[in-house]
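Just the heavy atoms: all of them, side chains too, but no hydrogens, waters or symmetry mates, feed the values below.
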Amino acid sequence: MNARIPDPLAIFVDGLTGLVDGGADEATIFRDGRALLAGLIAHDDWLPAALTEPDPANYRIHLLHRDPAGRFSVSAMVWGPGQGTPIHDHTVWGMVGVLRGRERCEEFGLPARPGGSLVPGHVHELEPGDIDFVSPSVGDIHRVSNALAGGTSVSIHVYGADIAAITRSRWETDGRVTPFVSPYASCLLPSRAS
Ligand code: FE
């Protein structure tokens, strides 16, 4: 594949790097970073085809850019029919923009008491151009799946860390928690120099 970073991705990375360099807090990133992400997912013509092929067994995550200082990462998640995540958290701010297809998001609240069950929350579907937010302050626990029974969905994920490098939590609805790490299936694109 062509390993050159696509122009729309370079514009997004430069913009987000500028925000982070300027010390943007989470609210600022969710406002100004959202606008940048909206621009990135406005056209589904830049992600290399090799990074849009679903794996038959499970969803996969391709690293698109890792901030050299580890302050954020950009990745593409590819979902085949019927594929989805376990219930999980993120521990850092995150923005999810759908590029292709349709995704279903089920949100959960923390147990009302220690040892209790997760509290089912809002369930919604995201179409191309839609953007969702996660973080410990705005709601951090969800389950995401491909809403298309017969097609591939692709979304662009931006997190306030190198998301594959941190240990998060996988939840069961009854409140049980186990460590959760989601490694990248590939890191094929060169890092954007900053
Ligand atoms: Fe998530």
[X] vs [Y] side-chain heavy atoms within contact, under 4.5 Å:
X: I41; Y: F12; result: no
X: W93; Y: V138; result: no
X: V78; Y: P54; result: yes

Is there a continuous path of hydrophobic side-chain contacts, each under 4.5 Å between heavy atoms, that joins [X] to [Y]?
X: F72; Y: L63; answer: no
X: L9; Y: L19; answer: yes
X: L64; Y: Y159; answer: no
X: I87; Y: L110; answer: yes
X: L51; Y: L37; answer: yes

For this session: For the pair H142 and H88, name the ring-plane relationship: parallel under 30°, tilted 30 to 60°, perpendicular over 60°.
Result: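 Plane angle over 60°, so perpendicular.
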Problem set entry | Parallel, tilted or perpendicular: rings of W79 and H157 (30°, 60°) |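 Taking W79 first and then H157, their aromatic rings sit tilted (interplane angle of 30° to 60°).
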Would you say [X]'s side chain and [Y]'s backbone share a donor-acceptor pair under 3.5 angstrom?
X: Q83; Y: Y59; answer: yes
X: H90; Y: D140; answer: yes
X: S135; Y: S137; answer: yes
X: T91; Y: R168; answer: no
X: S73; Y: A161; answer: yes

Closest contact, heavy atoms only, [X] versus [Y]:
X: S153; Y: G101; answer: OG-CA, 3.5 Å
X: I131; Y: G97; answer: CG1-CA, 4.1 Å
X: S169; Y: F180; answer: C-CB, 3.6 Å
X: S182; Y: A164; answer: O-CB, 3.3 Å
X: P111; Y: L118; answer: CD-CD2, 3.9 Å

For this session: Please indicate whether H43 has more than 12 foreign heavy atoms, meaning atoms of other residues, nucleotides or ligands, lying under 6.0 Å from its NE2.
Result: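 Counting neighbours around NE2 of H43, 12 or fewer heavy atoms of other residues, nucleotides or ligands fall under 6.0 Å, so no.
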Are side-chain N/O atoms of [X] and [Y] paired as donor and acceptor at under 3.5 Å?
X: D25; Y: T28; result: yes
X: S186; Y: R60; result: no
X: D132; Y: H124; result: yes

Exercise. Applying the side-chain contact (heavy atoms from CB on, under 4.5 Å) test to E103, which of N146, D130, L148, V144 qualifies?
Worked result: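 Going through N146, D130, L148, V144 one by one, the side-chain contact (heavy atoms from CB on, under 4.5 Å) with E103 is satisfied by V144 alone.
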For the atom pair [atom1] ([X]) and [atom2] ([Y]), what is the distance rounded to the nearest 0.5 Å?
X: R66; Y: S75; atom1: CZ; atom2: OG; answer: 11.0 Å
X: I29; Y: L16; atom1: CD1; atom2: CG; answer: 6.0 Å
X: T85; Y: R170; atom1: OG1; atom2: CZ; answer: 9.0 Å
X: R143; Y: E106; atom1: CZ; atom2: CD; answer: 4.5 Å
X: D162; Y: R71; atom1: CG; atom2: CZ; answer: 13.5 Å
X: S155; Y: R100; atom1: OG; atom2: CZ; answer: 11.5 Å

